[in-house]
Participant: 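Structure in structure tokens, see below.
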Amino acid sequence: KQEVTQIPAALSVPEGENLVLNCSFTDSAIYNLQWFRQDPGKGLTSLLLIQSSQREQTSGRLNASLDKSSGRSTLYIAASQPGDSATYLCAVSNTGGFKTIFGAGTRLFVKA
Amino acid sequence: DTEVTQTPKHLVMGMTNKKSLKCEQHMGHRAMYWYKQKAKKPPELMFVYSYEKLSINESVPSRFSPECPNSSLLNLHLHALQPEDSALYLCASSGPTVNTEAFFGQGTRLTVV
């Protein structure tokens, strides 16, 4: 059974810092891994999708890497801003690609 | 247009009521999903429709009944819910292949009284 773990559970940093969020998964037979952002009480916003054959994806200040063999992904956020404050969720898809398992998330607070 | 629209945004219902949640997307996605999310927990998959056919049911109680009338619409019919069913219900879509980005709606905040 796939299990997804995110570390740390919460993180508070001053504005401008570069930071790394970690995601690990137990079953390496994944189709893809996706990082999401969720603001309180809201839906999920897709940040980056990494296919199982890819090693990384970049979008603006965000960079996500994937090491399938070790069951790990990282989300790198450069020059953090207060507007980045949110919960970041990692999700992996396997079992035909439609069954998505989420990690518990990392709650990020960026102080101005 | 990368939007998944869910209605209503908020719903309060009694335990004897029947209500429906609606979800719509016009991205040509052929997979649509319902998730349930309790406070401070990750979303949990409930149902997956692929090409308008139910492909995954995560052992969800029968008081939740999904329906996919066409490729753009997904409904979740609710009947005889319990207070513990109160949660944020999220709809998502992806496709047409499995290796595509999933997009989520803003959710329906459901309270069962």
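So that the names make sense, note that chain A is the first sequence line, chain B the second, and so on, each numbered from 1.
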Participant: Give me the atom names and distance for the closest heavy-atom approach of T100(A) to Y35(B).
Facilitator: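 Minimum heavy-atom separation between T100(A) and Y35(B): CB-OH, 3.3 Å.
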Participant: Output all residues satisfying salt bridge (charged side-chain N to carboxylate O under 4.0 Å, His left out) with E15(A), sequence neighbours left out; order by chain, then residue number.
Facilitator: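 Applying salt bridge (charged side-chain N to carboxylate O under 4.0 Å, His left out) to E15(A) gives none.
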Participant: For K38(B), is the NZ atom crowded, meaning more than 12 foreign heavy atoms sit under 6.0 Å from it?
Facilitator: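 Yes.
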Participant: What part of Q6(B) lies closer than 4.5 angstrom to a heavy atom of chain A: side chain, backbone, both or neither?
Facilitator: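 Contact with chain A involves no heavy atom of Q6(B) at all.
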Participant: Mind checking which of residues 84-93 of chain B sit less than 4.5 Å from chain A, heavy atom to heavy atom?
Facilitator: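 Only L88(B), L90(B) of residues 84-93 of chain B have a heavy atom under 4.5 Å from chain A.
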Participant: Once rounded to the nearest 0.5 Å, what's the spacing between atom CD of E101(B) and atom CD1 of I50(A)?
Facilitator: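 Interatomic distance, E101(B) CD to I50(A) CD1, rounded to 0.5 Å: 11.5 Å.
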Participant: Quick one: list whatever passes salt bridge (charged side-chain N to carboxylate O under 4.0 Å, His left out) with R107(A), sequence neighbours left out.
Facilitator: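 With sequence neighbours excluded, R107(A) shows a salt bridge (charged side-chain N to carboxylate O under 4.0 Å, His left out) to no residue whatsoever.
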Participant: Is it the backbone or the side chain of L89(A) that comes under 4.5 Å from a heavy atom of chain B, or both, or neither?
Facilitator: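 The side chain, not the backbone.
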Participant: If you draw a 6.0 Å radius around CD in Q2(A), do more than 12 non-hydrogen atoms from other residues or ligands fall strictly inside?
Facilitator: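 For Q2(A), atom CD is crowded (more than 12 foreign heavy atoms under 6.0 Å).
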Participant: Pick one of side chain, backbone, both or neither for E58(B), based on which atoms fall under 4.5 Å of a heavy atom in chain A.
Facilitator: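 Only the side chain of E58(B) comes within 4.5 Å of chain A.
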Participant: So, does Q34(A) use its side chain to make a donor-acceptor pair with the main chain of A102(B) at under 3.5 Å?
Facilitator: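 Judged by distance alone, yes, a pair lies under 3.5 Å.
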Participant: Taking all heavy atoms of P42(B) and all of F102(A), pick out the closest pair and write down the distance.
Facilitator: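 Taking every non-hydrogen atom into account, CB-CB, 3.7 Å.
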Participant: Tell me, do K99(A) and V48(B) make a side-chain contact under 4.5 Å, heavy atoms counted?
Facilitator: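 Result no, sub-4.5 Å side-chain heavy-atom pair not found.
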Participant: Of the backbone (N, CA, C, O) and the side chain (C-beta and beyond), which part of Q38(A) lies under 4.5 Å from a heavy atom of chain B, both, or neither?
Facilitator: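 Contact with chain B is through the side chain of Q38(A) alone.
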Participant: With a 4.5 Å heavy-atom cut-off (strictly below), which parts of residues 55-68 of chain A touch chain B? List them by number.
Facilitator: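 If one takes a 4.5 Å heavy-atom cut-off, no residue of residues 55-68 of chain A lies near chain B.
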